[in-house]
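One structure is given below, encoded as C-alpha cells.
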Amino acid sequence: MGFSHLGLFVCACHVLVLGAFASASSRNLPIISFDEGYNKLFGDDNLMIVRDGKSVHLSLDERTGSGFVSQDLYHHGFFSASIKLPADYAAGVVVAFYMSNGDMFPKNHDEIDFEFLGNIRGKEWRIQTNVYGNGSTSTGREERYNLWFDPSDDFHQYSILWTDSQIIFYVDDVPIREVKRTESMGGDFPSKPMSLYATIWDGSDWATNGGKYRVNYKYAPYLAQFSDLVLHGCAVDPIEQLSKKCDNTQSSESVPTGVTRLQRIKMDSFRKKHMTYSYCYDRIRYKSPPPECVINPQEAERLRVFDPVTFGKGRRHHGKHHHRSRGSQAEATSV
C-alpha cells in the first residue's frame, strides 16, 4: 500500500485532537480492557492477561520476549499506559511502548517511541524517546533521560500525544519532550496512521553501554507490567485509510493547544535535571544539528560538561559500534 493512498484519508480529527488532547490527563480518559483494544503480538504464554483483562504482564526469558499491539490503526490521539518495569539486574533488557506503521510501510515507516533501557544492579533504568517519519531512520532523533523515581518500584504513567503539529511525551502527566512539526522536517514528521505496541525483548547488542553489559538470564524471567491502558484517538480503516471513529471528549471550554506555562516550567526543570543525551547536540553523529533543532545554549553547555566527547570538541575513541532500527547510534556513542 503506497503513500499516495493516504490522499483518500479524510478526517477532521486532527483539529479536535489538537484541542481536546493537548493538556489531557489520562485520568480523564476511558481505560479499556485488553480484549477491547489489543491483540497478542508474540511471546506465547510470556504474555499474561490479569485483573479481569485490565492489565497485561509481559515477560522475557531464554526462549522469547513478548508483546501486544492495538487492534486499530490511529491517526493522531492520546495513548497511555501505567508501566512497572523489571527489578534488580536488567542490563540488556528493553521494554518499549511505541507507535509504528512499519508493517504497512516497510520502506518509509513512521515511529514514535518510548524505550526503557535496563541497567546493571545499582544503576537506574533510563528512558529513551525517539521520533521517525517517512523512513528517516538515518537521522535518529533520540533523547535519553534518567528519572526522579525507580520505575521498577511501582506503576507510573507514560503517555504520547500525537497531533498534526506536535508530539509530546509525558511521564506521570509531566511533559518531558515536545517535538513541533516544522517546515524543515518535511516528511520526517510522523504523518501516516500507526498502531500502538508494547514489547519486552533482548537488546544485549546495544541497550546497556553500547552492548558492554548483556542480558543475564540467571535473573529471568524479566517481568514488565502494564495497566490503565488508554487508546484515545482517530481509529482508521486499514484498507480504505478512512476514519472509522474519532473519539472526542472536548468540553465547551477552551482547551490549551500546547504545553501550558506551568507544564513548561515542569518540563524545563525535568530536562535540566534528568536529560543525559539529545541528538541535537551530538557532534560525533552530526557535524551540524539537523535543521529542526533549536539549540539552547544552557542545555548545550550542561550536556557538554556531562559528556565532552559527544557534545563538545573532544576526540572520538574509535571502537565497535552497534546498530539497530531504533536508537542504536545514540546508545553506542554515549554511555
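The structure displayed is predicted, hence computed values, not measured ones.
- Inter-residue side-chain proximity for Ile127 and Glu115 is flagged as unmet; no heavy-atom pair is nearer than 4.5 Å.
- Just one residue in the list Asp113, Asp188, Asp110 forms a salt bridge (Lys or Arg N to Asp or Glu O under 4.0 Å) with Arg141, and that residue is Asp188.
- With hydrophobic clusters built from ILVMFWY side chains whose heavy atoms lie under 4.5 angstrom apart, Tyr217 shares a cluster with Val95.
- Counting only heavy atoms from C-beta outward, the side chains of Phe68 and Tyr197 never approach each other to under 4.5 Å.
- Looking at Leu147 and Glu124, their side chains never come closer than 4.5 Å, going by heavy atoms from C-beta outward.
- Residue-environment remark: CG (Asp52) stays at or below the threshold of 12 foreign heavy atoms within 6.0 Å.
- Ion pairing of Arg181 with Glu292 is absent here, as no side-chain N (NZ or NE/NH1/NH2) approaches a carboxylate O to less than 4.0 Å.
- Using the six-membered ring where Trp is involved, Phe116 and Phe114 have ring planes that are parallel, under 30° apart on the 30 and 60° scheme.
- Residues Arg121 and Asp88 are paired through a salt bridge, judged by an N-O separation under 4.0 Å between the basic side chain and the carboxylate.
- By the 30° and 60° cut-offs, the orientation of the rings of Tyr158 relative to Phe149 is tilted.
- By the 6.0 Å contact criterion, CD on Glu183 is open, its count of non-hydrogen atoms from other residues, nucleotides or ligands being 12 or less.
- With Tyr222 as reference, Val93 is the one residue of Leu58, Asp61, Val93 to meet the side-chain contact (heavy atoms from CB on, under 4.5 Å) rule.
- A cation-pi geometry, defined here as NZ or CZ lying under 6.0 Å from the six-membered ring centre and within 45° of its normal, does not hold between Lys54 and Phe34.
- Hydrophobic clustering of Ile, Leu, Val, Met, Phe, Trp and Tyr side chains at less than 4.5 Å, counting indirect connections, keeps Trp201 apart from Leu223.
- Counting non-hydrogen atoms of other residues, nucleotides and ligands closer than 6.0 Å to NZ of Lys40 gives a total above 12.
- Judged purely by distance below 3.5 Å, without hydrogens or angles, the side chains of His156 and Asp172 pair a donor atom with an acceptor atom.
- Between His75 and Trp162, some side-chain heavy-atom pair lies under the 4.5 Å cut-off.
- A 4.5 Å side-chain heavy-atom check between Phe169 and Val131 finds at least one atom pair inside the cut-off.
- Between the side chain of Glu36 and the backbone N or O of Ser33, at least one donor-acceptor pair lies under 3.5 Å.
- By the rule that hydrophobic residues join a cluster once side-chain heavy atoms approach within less than 4.5 Å of another member, Leu229 and Ile49 end up as members of one cluster.
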Between Phe311 and Phe306, does a ring pair (Phe, Tyr, Trp, His ring centres under 6.0 Å) hold up when you go through it step by step?
-> CA-CA 8 Å; Phe311 303 114; Phe306 176 78; 7.2 Å; no

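- His109 pairs in a side-chain contact (heavy atoms from CB on, under 4.5 Å) with only one of the listed residues (Ser136, Pro190, Ser100), which is Ser100.
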List the steps, then state whether salt bridge (Lys or Arg N to Asp or Glu O under 4.0 Å) holds for Arg302 with Asp307.
-> CA-CA 9 Å; Arg302 190 182 65 80; Asp307 186 344; over 6 Å; no

Between Ser278 and Leu303, does a side-chain contact (heavy atoms from CB on, under 4.5 Å) hold up when you go through it step by step?
-> CA-CA 8 Å; Ser278 170; Leu303 288 174; 4.2 Å; yes

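- Side chains of Gln263 and Tyr170 form a contact here, defined as non-hydrogen atoms less than 4.5 Å apart.
- Asp153 has no carboxylate O lying under 4.0 Å from a charged side-chain N of Lys84, or vice versa, which leaves the two without a salt bridge.
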Test log, rule side-chain hydrogen bond (donor to acceptor under 3.5 Å, both in side chains), inputs Asn46 and Ser66 = CA-CA 6 Å; Asn46 279 15; Ser66 52; 5.3 Å; no

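- By the 4.0 Å N-to-carboxylate-O rule, Glu299 lies too far from Arg304 to be salt-bridged with it.
- With contacts defined as side-chain heavy-atom distances shorter than 4.5 Å, the pair Tyr38/Leu196 qualifies.
- Checking Val236, Leu73, Asn108 one by one against Lys192, the side-chain contact (heavy atoms from CB on, under 4.5 Å) holds for a single residue, Asn108.
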Please lay out, stage by stage, how Tyr277 and Tyr145 fare under the test ring pair (Phe, Tyr, Trp, His ring centres under 6.0 Å).
-> CA-CA 7 Å; Tyr277 177 88; Tyr145 329 87; 9.9 Å; no

Could you give me the CA-CA distance, side-chain angles and deciding distance for Met275 and Arg144, then say whether side-chain contact (heavy atoms from CB on, under 4.5 Å) is met?
-> CA-CA 6 Å; Met275 188 170 73; Arg144 192 159 54 252; over 6 Å; no

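- Between Arg51 and Ser227, the closest side-chain pair of non-hydrogen atoms falls below 4.5 Å.
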Given Thr208 and Arg126, is the side-chain contact (heavy atoms from CB on, under 4.5 Å) satisfied, shown in steps?
-> CA-CA 10 Å; Thr208 308; Arg126 297 144 299 152; 3.9 Å; yes

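- Salt bridge annotation for Asp45-Arg63: present, with a cationic side-chain nitrogen under 4.0 angstrom from a carboxylate oxygen.
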